[in-house]
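The chain is numbered in sequence order, starting from 1.
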Amino acid sequence: MSLKDEPVFQTVLAPDSYPRTTASPIRYMPILKDDVVIGYLWAATTDDAAQYVPREQAGDPALDAAVAWTRRLRWAKANGVSPLAALRHWSGEPEDGRAGKVPVGRPFELPTLAALEELAAAG
């Protein structure tokens, strides 16, 4: 292998996580950092899917938060927390420097994950 060759990566071990897509309706909460919406945490209403969607216009803070939310959701999955319970788990907790915070309140609902992805892309 030379420096000009493309490296080949092989995942040896990755923690279990929730599926990242769903055909089910979803519930979601905004993720705030310094009172600005940087993304959305969602959970499927009828299956085992959950994920964080960064808000495109929020820039780097939204992308940085994705790393923290991936870690948090993997923790929830490993501890047997359902996706909907995970959505409520961090509600009202103090703001984390990387993940932001989930405000207190009831989750919003959308008929599809695509609708939330459009919301995140639109700003």
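The CZ atom of Arg71 lies 6.5 Å from the CZ atom of Arg98; values are rounded to the nearest 0.5 Å. Atom OH in Tyr18 sits 12.5 Å away from atom OG1 in Thr70 (nearest 0.5 Å). Rounding to the nearest 0.5 Å gives a distance of 14.0 Å between NZ of Lys33 and CZ of Arg55. To the nearest 0.5 angstrom, Glu109 atom CD is 10.0 Å from Tyr28 atom OH. The line from CD of Glu56 to CG of Leu63 is 9.5 Å long, rounded to the nearest 0.5 Å. In this structure, the separation between CZ on Phe108 and CG on Leu119 is 10.0 Å, given to the nearest 0.5 Å.
Side-chain N or O atoms of Thr45 include none that pairs as donor or acceptor with a backbone N or O of Ile26 at under 3.5 Å. When atom types are taken as modelled, the side chain of Glu95 and the backbone of Asp34 share a donor-acceptor pair closer than 3.5 angstrom.
The two residues Pro107 and Arg27 have their closest heavy-atom pair at CB-CB, 3.9 Å. Nearest heavy atoms, Ala86 versus Leu73: CB-CD2, 4.3 Å. Among all heavy-atom pairs drawn from Ala65 and Ile38, the shortest one is CB-CD1, 3.6 Å. Of all heavy-atom pairs spanning Ala62 and Ala58, the tightest one is CB-CB, 3.7 Å. Residue Ala50 comes nearest to Pro83 through the heavy atom pair CB-CB, 3.8 Å, listed as atom of the first residue, atom of the second, then distance. Between Gly105 and Ser91, the shortest heavy-atom contact is N-OG, 3.9 Å.
Neither Met29 nor Val53 shares a network with the other; the hydrophobic side chains, linked directly or stepwise wherever heavy atoms of I, L, V, M, F, W or Y lie under 4.5 Å apart, form separate groups for each. Leu41 and Val81 fall within a single hydrophobic cluster, where Ile, Leu, Val, Met, Phe, Trp and Tyr side chains are chained together by heavy-atom contacts under 4.5 Å. Note: the hydrophobic cluster containing Val67 does not contain Ile31 (ILVMFWY, side chain heavy atoms under 4.5 Å, direct or indirect links).
In this structure, the side chains of Val37 and Leu32 come closer than 4.5 Å at one or more pairs of heavy atoms. Residues Asp96 and Arg72 form a side-chain contact, since some pair of their non-hydrogen atoms from C-beta on lies under 4.5 Å apart.
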task = Apply side chain to side chain contact (heavy atoms under 4.5 Å, CB included) to Gln57 and Val36, showing your working.
result = CA-CA 11 Å; Gln57 290 184 345; Val36 174; over 6 Å; no
task = Could you give me the CA-CA distance, side-chain angles and deciding distance for Gln51 and Trp42, then say whether side chain to side chain contact (heavy atoms under 4.5 Å, CB included) is met?
result = CA-CA 6 Å; Gln51 189 61 24; Trp42 65 267; 3.3 Å; yes
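Remark: the Ser24 side chain and the Asp47 side chain contain no N/O donor-acceptor pair separated by less than 3.5 Å.
Ring pair Tyr52/Trp69 is parallel by interplanar angle, where below 30° counts as parallel and above 60° as perpendicular.
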